[in-house]
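Structure, as structure tokens:
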Amino acid sequence: KTMSVKRMFDRTIIDMDKFIDLPMSSKALYFLLGMEADDEGFVSPKKILRVHGGSDDDIKILIAKALVIPFESGVVVITDWYDNNWLDARRTKPTQYQKEKKALYLTRNKKYVLSNSEASIEEKSIEENKRKAFEVVEQTKEESENTKKIMNDIRKTLFSNSK
């Protein structure tokens, strides 16, 4: 099974000031990274730079603008991958960069952030609060059922004693 070959780019990303302010060579690299990325947005910028030209400064600029996230392995992930691309889950091939993927968190807005970044901490906090609220509701339901049972037992005892 081969990687998808069709790619999209969301205008909202290229219309952002941080993208508009990029040098043309960094913009070109962003598009090339998007075209060469695997189905989950991971790609080796070194390969792209060797094949198509460009400089390490271009990738450094994309990193500084948070358009890509770098990993020690040399691979990067495109932070807005899921804004740019909608891929049919039945046709996508999982990335070979599973270790790197595990270091990421996908926000509600489908944006990659590092798991230890502030944005992901905020997202995780929201999810944790939702989980805790659900647990409280479940606990309250249990307590309510126990209270009903106790009250029924008391009623039965009182009713049977009054006879």
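Bear in mind the structure is a predicted one, so any value in this text is a computation, not a measurement. For the numbers below, each heavy atom of this structure counts, side chains included, while hydrogens, waters and symmetry mates do not.
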Ignoring hydrogens, what is the shortest heavy-atom contact between P45 and L33? Give both atom names and the distance. CA-CD2, 3.9 Å

Going through the distances and angles, do D39 and T92 end up as a side chain to side chain donor-acceptor pair (under 3.5 Å)? CA-CA 6 Å; D39 290 346; T92 58; 5.2 Å; no

In Å, rounded to the nearest 0.5 Å, how long is the span from NZ of K149 to CD1 of I154? 12.5 Å

Kindly determine whether L106 and K111 satisfy side-chain contact (heavy atoms from CB on, under 4.5 Å), including the steps that lead there. CA-CA 5 Å; L106 199 58; K111 182 175 180 152; 5.8 Å; no

Run the side-chain contact (heavy atoms from CB on, under 4.5 Å) test on Y97 and D38 for me, step by step, so that the C-alpha distance in whole Å, both residues' side-chain angles and the decisive distance to 0.1 Å come before the verdict. CA-CA 10 Å; Y97 303 106; D38 66 18; 4.0 Å; yes

At their closest point, which heavy atom of D58 faces which heavy atom of L29, and how far apart are they? CB-CD2, 3.7 Å

Checking K65 side chain against F19 main chain: does a donor-acceptor pair fall under 3.5 Å? no

Calculate, to the nearest 0.5 Å, the distance between atoms OG and CD belonging to S44 and E36 respectively. 10.0 Å

Decide yes or no on side-chain contact (heavy atoms from CB on, under 4.5 Å) for F71 and L114, but give the supporting numbers first. CA-CA 10 Å; F71 295 95; L114 286 171; 4.3 Å; yes

Calculate, to the nearest 0.5 Å, the distance between atoms NZ and CD1 belonging to K27 and I14 respectively. 9.0 Å

Separation of F42 CZ from T95 OG1 (nearest 0.5 Å): 5.0 Å

Identify the heavy atoms of A37 and W81 that sit nearest to each other, and give their distance. CB-CZ3, 3.6 Å

Between the side chains of S73 and E100, does any donor sit under 3.5 Å from an acceptor? yes

With heavy-atom distances below 4.5 Å as the criterion, would you say the side chains of V68 and T79 are in contact? no

So, for Y112 and Y82, is the gap between ring centers shorter than 6.0 Å? yes

Shortest non-hydrogen separation from V43 to V75 and the atoms involved: O-CG2, 3.0 Å

Please indicate whether K47 has more than 12 foreign heavy atoms, meaning atoms of other residues, nucleotides or ligands, lying under 6.0 Å from its NZ. no

Do I61 and L67 have side-chain heavy atoms sitting under 4.5 Å apart? no

Any salt bridge linking D56 with K46? Criterion: basic side-chain nitrogen under 4.0 Å from a carboxylate oxygen. yes

Please determine whether side-chain contact (heavy atoms from CB on, under 4.5 Å) holds for the pair L104 and V113, giving the CA-CA distance in whole Å, both sets of side-chain angles, and the decisive distance to 0.1 Å. CA-CA 6 Å; L104 297 171; V113 293; over 6 Å; no

Is any side-chain heavy atom of E40 closer than 4.5 Å to one of Q98? yes

Can a donor-acceptor pair be found, under 3.5 Å and without considering hydrogens, that links the side chain of S26 to the backbone of L22? no

